[in-house]
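Written out below as structure tokens is the structure these notes cover.
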Amino acid sequence: MIASGLRAVRAQAVFNPPALGERWREWRGGYPADAEHEPHLVAAITWLARAQDATPDGGIARAYSLVWHRQFGRRGWEPAYPETTGYIIPTLYAAAARCGRPDFAARAERAARWEIAIQLPTGAVRGGVIGEPESPAVFNTGQVLLGWLAAFEETGDGSFAEAACRAARYLVAMLDADGHWRRGNSRFARPDATLYNTRTAWALAEAGARLGVEAFSNAAAHSLRAAASLQAGNGWLPHCCLTDPERPLLHTLAYAIRGLLEGGRLLGDARLLSAAKRAARALAGTVRADGWMPGRYRADWSAAVRWSCLTGQAQMANNWIRLAQITGQREWLEAVPVVLGFLKRTQSRRSHDPGVHGGIKGAWPVGGGYGTYEVLSWATKFFADALMRHEAVEVQGLGAVAPVSLLA
């Protein structure tokens, strides 16, 4: 009991100067935001590079904890995280093309080869971080599948296609007859609230299209249509949260929308696209004038909390940009500049702490209920993606050519 109490005390912000510094900046209104995207993009990608260098194996650190972390028993860089490393791979390839930095492409390939080295014999990708007991996770498998497909596209190396095939076969094997994944879900998430696996189905559809395997495409279509059939009339997506399906995270809602959107695009399914539009339109209506959005929602799309999930906001900026590109309708871009402006004000480009400088935190305020007192690899990834996408459509129009064919 005494040891547990001491751990709880050590995790308080008051005993961790980096956390106190971030809270002070929030009280002052955040950080200066540059009108141009490039300074923020370079800072974010450089943070991701440091997160990779912080691990001994080629994977990318899950996060940087501003306080003493109870699970990992320390403050600072956390262990490599297979799930998010998987979908950071396409971001590094895109940044290499955008910034003229072949070293970022080398980092992407290194991460993709590391993912092959730790792929489970079943083809699955493990849940959690390196160092925790191995257990397969359907969602994580889908996210790394996207990374392997990007690496195959960029390098032509068949080993990435082989790993992708193994992962896709695992996903097909785990899919129930009604189109839902109930087996093989991560032990770190509720098994009864995984509608966000639409993003896994999107990865499976990409595998079908890119590897020429019709069975992958058919399974993806079955899963996506099963998920869309559950949508409420107001666009609400039920059973869609890691912990609280009655008040889901913006993060997992945004995952679900992206899966429906990209899956609908690939499969040419107007119903899936309409499902994504309904939910994305509802969320656009919740953006405050300063760009803030609530981190959790109720079924009527009202705010369930008073903090923001920065990851989810960055994801929604990407979703709205993709909707504009796919539909050709610029009105989908209306919320993007103000949301990106808000995210920019949360990014420190002044800190001398390498785990803070350039990264995006889990929540605003930093003590909010998602990624509490952490700078997250996946929040930083989605922020970088949104900056690259928005810059491209502003300069080249909605027909802008993506720096890579798969930016997940």
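Not measured: the values here are computed from a predicted model.
Judged by distance alone, the side chain of Arg74 and the main-chain N or O of Trp77 form a donor-acceptor pair under 3.5 Å. At least one donor-acceptor pair under 3.5 Å links the side chain of Ser229 to the backbone N or O of Ala226. Here the side chain of Lys381 pairs a donor or acceptor atom with the backbone of Tyr87 at under 3.5 angstrom. Without hydrogens or angle criteria, Arg296 side chain to Leu250 main chain gives no donor-acceptor distance under 3.5 Å. A side-chain donor-acceptor contact under 3.5 Å links His222 to the backbone of Ala177. Put simply, the side chain of Asn140 never gets that close to the backbone of Pro136: no donor and acceptor are under 3.5 Å apart. Judged purely by atom type and a 3.5 angstrom limit, Gln313 uses its side chain to pair as donor or acceptor with the backbone of Gly291. The backbone N or O of Val42 lies less than 3.5 Å from a partner atom in the side chain of Thr46, making a donor-acceptor pair. Using modelled atom types, one side-chain atom of Thr141 and one backbone atom of Val125 make a donor-acceptor pair closer than 3.5 Å. Although no hydrogens or angles enter the test, the distance criterion places a donor-acceptor pair under 3.5 Å between the side chain of Asp269 and the main chain of Leu272.
One side chain, Arg23 or Tyr373, offers a donor N or O that lies under 3.5 Å from an acceptor on the other. A donor atom on one side chain and an acceptor atom on the other are not found under 3.5 Å apart for Ser351 and Asp353. A donor-acceptor contact under 3.5 angstrom links the side chains of Arg199 and Gln143, judged on distance only. If you check the side chains of His390 and His37, you find a donor sitting under 3.5 Å from an acceptor. Between the side chains of Asn197 and Tyr255, no donor-acceptor pair is found at a separation under 3.5 Å.
The salt bridge (charged side-chain N to carboxylate O under 4.0 Å, His left out) test applied to Glu22 returns Lys361, not counting sequence neighbours. Qualifying salt bridge (charged side-chain N to carboxylate O under 4.0 Å, His left out) partners for Arg247, counting only residues two or more places apart in sequence or in other chains: Asp244. Contacts of Thr155 classified as side chain to side chain donor-acceptor pair (under 3.5 Å), with partners at least two apart in sequence or in another chain: none. Under the side chain to side chain donor-acceptor pair (under 3.5 Å) criterion, Trp148 pairs with no residue at all, not counting sequence neighbours. Taking His180 as the reference, nothing meets the side chain to side chain donor-acceptor pair (under 3.5 Å) condition, with sequence neighbours excluded. Listed by chain and number, the residues in a side chain to side chain donor-acceptor pair (under 3.5 Å) with Thr252 amount to none (sequence neighbours excluded).
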Got a list of side-chain donor-acceptor pairs under 3.5 Å for residues 167-175, not counting sequence neighbours?
none

Expected list for residues 232-242: side-chain donor-acceptor pairs under 3.5 angstrom, two or more places apart:
| from | atom 1 | to | atom 2 | distance (Å) |
| --- | --- | --- | --- | --- |
| Asn234 | OD1 | Trp236 | N | 3.0 |
| Asn234 | ND2 | Ala299 | O | 2.9 |

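Atom CD of Glu246 is surrounded by 12 or fewer heavy atoms from other residues, nucleotides or ligands within 6.0 Å. Heavy-atom contacts from other residues, nucleotides or ligands closer than 6.0 Å to CD of Glu214 number 12 or fewer.
Salt bridge status for Lys344 with Asp34: absent, with no side-chain N to carboxylate O gap under 4.0 Å.
The two residues Leu266 and Trp202 have their closest heavy-atom pair at CD1-CD1, 3.9 Å. Smallest separation of non-hydrogen atoms from Ala392 and Ala400: O-CB, 3.5 Å. Pairing each heavy atom of Pro82 with each of Ala80, the nearest pair is CD-O, 3.6 Å.
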Run the numbers on Thr91 and Thr380 for side-chain contact (heavy atoms from CB on, under 4.5 Å), then give the verdict. CA-CA 10 Å; Thr91 300; Thr380 306; over 6 Å; no
Any chance you could lay out the salt bridge (charged side-chain N to carboxylate O under 4.0 Å, His left out) test for Asp192 and Arg182, step after step, and finish with the verdict? CA-CA 7 Å; Asp192 60 345; Arg182 296 183 182 86; over 6 Å; no
Ser223 and Leu204: CA distance, side-chain angles, deciding distance, side-chain contact (heavy atoms from CB on, under 4.5 Å) verdict: CA-CA 10 Å; Ser223 181; Leu204 192 54; over 6 Å; no
Apply side-chain contact (heavy atoms from CB on, under 4.5 Å) to the pair Phe383 and Leu387, showing each step before the final yes or no. CA-CA 6 Å; Phe383 176 62; Leu387 294 177; 3.6 Å; yes
Before you tell me yes or no, could you show the steps for Ile116 and Phe160 under side-chain contact (heavy atoms from CB on, under 4.5 Å), namely the whole-Å CA-CA distance, both residues' side-chain angles and the distance that decides it to 0.1 Å? CA-CA 8 Å; Ile116 292 176; Phe160 298 126; 3.6 Å; yes
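Sorted by first and then second residue, the pairs that involve residues 119-132 and meet side-chain hydrogen bond (donor to acceptor under 3.5 Å, both in side chains), not counting sequence neighbours, are Gln71-Glu132, Gln119-Arg166, Arg126-Glu134. For residues 200-210, the pairs satisfying salt bridge (charged side-chain N to carboxylate O under 4.0 Å, His left out) are Glu153-Arg210, Glu206-Arg210, Glu206-Arg265, with sequence neighbours left out. Screening residues 77-106 for salt bridge (charged side-chain N to carboxylate O under 4.0 Å, His left out) gives Glu38-Arg98, Arg62-Glu78, Arg98-Glu391, Arg101-Asp103 as the qualifying pairs, with residues at least two apart or on separate chains. Residue pairs meeting the side-chain hydrogen bond (donor to acceptor under 3.5 Å, both in side chains) criterion with at least one partner in residues 272-295, sequence neighbours excluded, are Gln231-Arg278, Thr286-Tyr297, Arg288-Asp290.
For the atom pair Leu253 CG and Leu249 CG, the distance stands at 8.0 Å (nearest 0.5 Å). Here CD of Gln52 is found 9.5 Å from CH2 of Trp114. Values are rounded to the nearest 0.5 Å. Annotation: the span from Gln347 atom CD to Leu41 atom CG amounts to 9.0 Å, rounded to 0.5 Å. Expressed to the nearest 0.5 Å, how far CZ of Phe216 lies from SG of Cys165 amounts to 4.5 Å. Considering CZ of Arg345 and CG of Leu340, their distance stands at 10.5 Å, rounded to 0.5 Å. For the atom pair Arg110 CZ and Ile60 CD1, the distance stands at 9.5 Å (nearest 0.5 Å).
In this structure, Tyr370 has its ring center no closer than 6.0 Å to that of Trp307.
In this pair, Tyr196 and Phe139 present their aromatic rings perpendicular. The plane angle is above 60°, beyond the 30 to 60° band.
With Arg107 as the partner, the side-chain contact (heavy atoms from CB on, under 4.5 Å) test is satisfied by one option alone out of Asp53, Ile88, Leu48: Asp53.
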